[in-house]
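See structure below.
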Amino acid sequence: MPVLPDVSTLFRNLERNILRRDRISKRLRQLYHRVSKEEDYVTLVEYVKSLRISRRALLKVLRELREAELYGDYIDLVETMVDYMHAVGIHIEREVLIAVSEILERSELTKEYVDEIRGVDMVELDELMRELGSTLEFIRTRARS
């Protein structure tokens, strides 16, 4: 059985991941509003890939959080961040990815990534939504006990 990081490390990982994802989403939103040349399309793809890597890291942190023994002083903070991602963050990401996929369809160079966004990223977002809900429920149950 792997040794899990302590709660403070998990909290920092969660916080860093959520802040990074927000920055990437914000940058994607800014970029797709001003796409005008081929390099911009390639940059959009790179940001989509960064968001995907961050999403997978968040899934890992959420699973580790559910295995942590005690949350201590972190329980309210963790609950707030997970609740934010569940209620807001994931919907922002979905909207941004839908808009980016529509933009990427315009360029022959990036058209292939549209199917990837719709087939990989949207499926992963559904999985993330389930994991966020499970983690939130777990945290709330633990807080009551």
Side-chain angles (χ1 to χ4, degrees), residues 1-35 39-107 110-145:
M1 178 184 264
V3 176
L4 293 174
D6 63 89
V7 176
S8 63
T9 302
L10 286 171
F11 171 75
R12 281 191 309 276
N13 291 346
L14 178 66
E15 182 181 43
R16 248 181 275 154
N17 182 284
I18 290 172
L19 292 173
R20 181 173 187 264
R21 294 171 58 70
D22 281 346
R23 281 190 306 274
I24 294 168
S25 293
K26 181 180 178 181
R27 185 68 180 132
L28 264 171
R29 196 172 19 258
Q30 291 169 344
L31 283 170
Y32 77 72
H33 284 298
R34 63 171 185 79
V35 170
E39 300 91 56
D40 293 338
Y41 290 100
V42 173
T43 302
L44 279 175
V45 170
E46 292 305 314
Y47 274 93
V48 169
K49 289 178 181 179
S50 293
L51 199 53
R52 186 178 302 147
I53 290 166
S54 179
R55 181 182 321 113
R56 291 172 181 170
L58 179 58
L59 283 165
K60 182 181 178 206
V61 171
L62 291 173
R63 290 174 183 135
E64 289 175 348
L65 274 169
R66 287 198 306 267
E67 293 178 20
E69 286 300 315
L70 298 171
Y71 289 106
D73 295 337
Y74 293 98
I75 197 158
D76 290 335
L77 298 169
V78 170
E79 180 180 6
T80 300
M81 284 191 287
V82 172
D83 193 28
Y84 162 77
M85 281 304 299
H86 188 256
V88 179
I90 199 159
H91 301 291
I92 291 170
E93 182 176 350
R94 187 177 307 276
E95 288 173 14
V96 167
L97 287 173
I98 289 169
V100 166
S101 69
E102 291 170 358
I103 299 287
L104 292 177
E105 280 185 310
R106 297 180 193 166
S107 169
T110 57
K111 233 178 211 180
E112 67 188 74
Y113 293 103
V114 174
D115 291 336
E116 200 172 301
I117 290 171
R118 293 177 181 158
V120 174
D121 294 300
M122 292 303 163
V123 170
E124 286 181 358
L125 280 175
D126 291 340
E127 178 185 3
L128 180 57
M129 181 65 123
R130 286 189 299 275
E131 290 291 332
L132 286 164
S134 295
T135 304
L136 196 55
E137 184 178 319
F138 182 82
I139 290 168
R140 288 177 176 161
T141 300
R142 180 159 285 176
R144 283 185 240 133
S145 52

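Contact detail for Tyr113 and Val45: the closest heavy-atom pair is CD1-CG2, 3.6 Å. Shortest non-hydrogen contact noted between Tyr32 and Leu44 is N-CD2, 3.9 Å.
Residue Glu137 qualifies as open at atom CD: its count of foreign heavy atoms under 6.0 Å is 12 or below.
With a 4.5 Å cut-off on side-chain heavy atoms, Leu31 and Ile103 do not count as touching. Between Leu136 and Met85, the closest side-chain pair of non-hydrogen atoms is not below 4.5 Å.
Taking the side chain to side chain contact (heavy atoms under 4.5 Å, CB included) definition, one finds that Asp40 meets it with Arg34, Val35, Ser36, Lys37, sequence neighbours left out. Residues satisfying the side-chain hydrogen bond (donor to acceptor under 3.5 Å, both in side chains) criterion with Lys26, sequence neighbours excluded, are absent altogether. Every residue meeting the side chain to side chain contact (heavy atoms under 4.5 Å, CB included) condition with Met122, not counting sequence neighbours, appears here in chain and number order: Arg94, Leu97, Ile98, Ile117, Leu125. Under the side-chain hydrogen bond (donor to acceptor under 3.5 Å, both in side chains) criterion, Arg23 pairs with no residue at all, not counting sequence neighbours. Qualifying side chain to side chain contact (heavy atoms under 4.5 Å, CB included) partners for Arg130, counting only residues two or more places apart in sequence or in other chains: Asp126, Glu127. Taking the side-chain hydrogen bond (donor to acceptor under 3.5 Å, both in side chains) definition, one finds that Glu116 meets it with Arg52, sequence neighbours left out.
In this structure, Glu131 pairs ionically with Arg66, as a charged nitrogen and a carboxylate oxygen lie closer than 4.0 Å.
The side chain to side chain contact (heavy atoms under 4.5 Å, CB included) test with Leu14 singles out one residue from Thr135, Leu19, Val61, Thr9, and that residue is Val61.
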Before giving the answer on salt bridge (charged side-chain N to carboxylate O under 4.0 Å, His left out), spell out for Arg27 and Glu46 the whole-Å C-alpha distance, their side-chain angles and the decisive distance to 0.1 Å.
-> CA-CA 11 Å; Arg27 185 68 180 132; Glu46 292 305 314; over 6 Å; no
